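The structure displayed is predicted, hence computed values, not measured ones.
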Amino acid sequence: MELWLLNHVPTVPLAVLVVGGFVLAAVAASVLALRRFPGLAEGEYNDMAGVLLGMFGAIYGIILAFVVVNLWTDLHDAGHTVAAEASAVSQIVRDAEAFPPATRAAVLTAVHDYVHAVVEDQWPLMRAGQGDSAVTTRAVDGMYRVFVGYQPETASEQAFYAKALDSLNEVAGLRRSRLADSRGSLPELLQALIFGGAVVMTALALVYGVRDRRVRLLFVGTAATLIGFSLLLVVVLDRPFSGDLSVSPQPFKESALARFW
């Protein structure tokens with residue numbers, strides 16, 4: 001459900017849906033709580049609720065900040081991995097210019113197959129959180145076969161061959177890292193802590209008594225808005241290859257790889 005929303009609902013409507021839904025639920029719960037327990041408006045539990053709000057709020061804020069920073073770092077690292085992989089593939093194309101025409105053509109054909117397999121076949125699976133290495137295995141094997149079957153003769157060919165082979169090995173390693181990033185997500189225990197903490201913090205806000213009904217609803221709504229935006233941020237950043245803020249395959253269409261599109 002989370003991945004479907006990220007991939008089919010733009011960020012702004014998703015924000016309205018998540019944050020707005022959370023705020024409406026909190027406000028409705030506040031109204032129902034007052035009807036069920038009219039004494040809440042008198043502030044009967046304010047001392048206890050204030051202490052718990054301060055204590056739990058500090059703990060929850062630290063945990064939430066830790067999670068968001070790590071998710072943002074993971075998103076940045078995933079983008080760096082994609083850019084590095086595309087750069088390594090581009091370097092293979094450049095180094096292949098030193099090869100004989102037949103070998104150069106074979107390298108370009110193999111690279112063409114690889115970048116199209118990554119962007120057209122593998123990327124949609126990664127957006128769905130189902131990155132599968134088998135989708136590009138044949139293309140990677142094709143690039144390796146070209147290098148295995150080529151024996152450089154001149155010193156220049158040998159130098160460029162060694163560099164191109166190093167780049168190909170780098171591509172294989174970065175491809176594995178990219179797929180691992182596409183399948184990663186927050187551990188279930190941490191998800192339970194983040195979303196469960198949001199419910200607890202909202203419940204404590206409901207317990208805090210304010211006589212003026214409008215001020216009470218404003219207090220609950222403001223707290224719910226802040227918590228809702230925090231949860232939205234966690235959901236959006238948790239999947240680096242899904243949603244509007246996801247890592248783009250554009251690096252595989254730029255520089256020396258632009259000729260394949």
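In plain terms, the two heavy atoms of Phe147 and Ala164 that are nearest each other are CE2-CB, 3.5 Å. Closest approach of Phe99 to Thr103, counting heavy atoms only: CD1-CG2, 3.9 Å. Between Asp244 and Pro10, the shortest heavy-atom distance links the atoms OD2-CA, 3.3 Å. Listed here is the closest heavy atom pair of Gln191 and Ser185: NE2-OG, 4.3 Å. The shortest heavy-atom contact between Ser167 and Asp95 is OG-OD2, 4.4 Å. The minimum heavy-atom distance between Ala110 and Val146, with the atom names listed, is CB-CG2, 4.3 Å.
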Stepwise, does the side-chain contact (heavy atoms from CB on, under 4.5 Å) test hold for Val118 with Arg178? CA-CA 11 Å; Val118 169; Arg178 169 171 54 81; 3.8 Å; yes

Evaluate the side-chain contact (heavy atoms from CB on, under 4.5 Å) criterion for residues Asp74 and Asp181: first the C-alpha distance (whole Å), next the side-chain angles of each, then the deciding distance (0.1 Å), finally the verdict. CA-CA 8 Å; Asp74 291 343; Asp181 291 339; over 6 Å; no

Taking it one step at a time, do Arg175 and Gln122 satisfy side chain to side chain donor-acceptor pair (under 3.5 Å)? CA-CA 11 Å; Arg175 165 176 164 266; Gln122 197 166 61; 5.0 Å; no

Could you go through the side-chain contact (heavy atoms from CB on, under 4.5 Å) check for Tyr150 and Leu165 one step at a time? CA-CA 11 Å; Tyr150 171 53; Leu165 187 57; over 6 Å; no

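A distance of 9.0 Å separates CG of Leu226 from OG1 of Thr222, quoted to the nearest 0.5 Å. Taken from CG in Leu6 to CG in Asp238, the straight-line distance is 8.5 Å, to the nearest 0.5 Å. Between the OG atom in Ser90 and the CG atom in Leu257 there is a gap of 3.5 Å [rounded to 0.5 Å]. The distance from atom CG of Leu174 to atom CG of Asn169, rounded to the nearest 0.5 Å, is 11.0 Å. Rounded to the nearest 0.5 Å, atoms CH2 (Trp261) and CD (Gln250) are 9.5 Å apart. A distance of 7.5 Å separates CG in Leu245 from CH2 in Trp72, rounded to the nearest 0.5 Å.
A 6.0 Å sphere centred on CZ of Phe66 holds no more than 12 heavy atoms belonging to other residues, nucleotides or ligands. The number of heavy atoms from other shown groups lying within 6.0 Å of CZ (Phe160) does not exceed 12.
Side chains of Val247 and Met126 form no contact here, defined as non-hydrogen atoms less than 4.5 Å apart. Ile194 is listed as a side-chain neighbour of Leu231, based on a closest heavy-atom distance under 4.5 Å. Asp121 has its side chain out of reach of Thr136: every pair of non-hydrogen atoms, C-beta onward, lies at least 4.5 Å apart. Ile92 has its side chain within reach of Val111: a pair of non-hydrogen atoms, C-beta onward, lies under 4.5 Å apart. Looking at heavy atoms from C-beta onward, Val200 lies out of side-chain contact with Tyr60 at the 4.5 angstrom threshold. Side chains of Ser255 and Arg94 form a contact here, defined as non-hydrogen atoms less than 4.5 Å apart. Leu217 places a side-chain heavy atom less than 4.5 Å from the side chain of Ser30. Counting only heavy atoms from C-beta outward, the side chains of Val23 and Val19 approach each other to under 4.5 Å.
Under the 4.5 Å side-chain heavy-atom criterion for ILVMFWY residues, no single connected hydrophobic cluster contains both Val18 and Val16. A single hydrophobic cluster is not seen to contain both Leu125 and Phe241; linkage of ILVMFWY side chains at heavy-atom distances under 4.5 Å, directly or through other members, places them apart. Hydrophobic clustering of Ile, Leu, Val, Met, Phe, Trp and Tyr side chains at less than 4.5 Å, counting indirect connections, keeps Leu218 apart from Leu32. Cluster annotation: Ile63 is not connected to Val199 through the hydrophobic network of ILVMFWY side chains, with a link wherever side-chain heavy atoms come within less than 4.5 Å. When the side chains of ILVMFWY residues are joined at heavy-atom separations under 4.5 Å, either directly or via intervening members, Val220 and Phe56 end up in a single hydrophobic cluster.
Side-chain atoms of Thr81 and Arg176 include no donor-acceptor pair closer than 3.5 Å.
In this structure, Tyr114 contributes its side chain and Arg138 its backbone to no donor-acceptor pair below 3.5 Å. Under the 3.5 Å distance criterion, the side-chain polar atoms of Ser242 are matched with a main-chain donor or acceptor of Arg127.
A perpendicular orientation is assigned to the rings of Phe252 and Trp123, their planes being inclined by more than 60° (bins at 30° and 60°). Using bins of under 30°, 30° to 60° and over 60° for the plane-to-plane angle, the ring pair His76/His80 lands in the parallel bin.
Leu186 pairs with exactly one of Val235, Leu237, Val67 by the side chain to side chain contact (heavy atoms under 4.5 Å, CB included) rule, that one being Val67.
Listed by chain and number, the residues in a salt bridge (charged side-chain N to carboxylate O under 4.0 Å, His left out) with Glu157 amount to none (sequence neighbours excluded).
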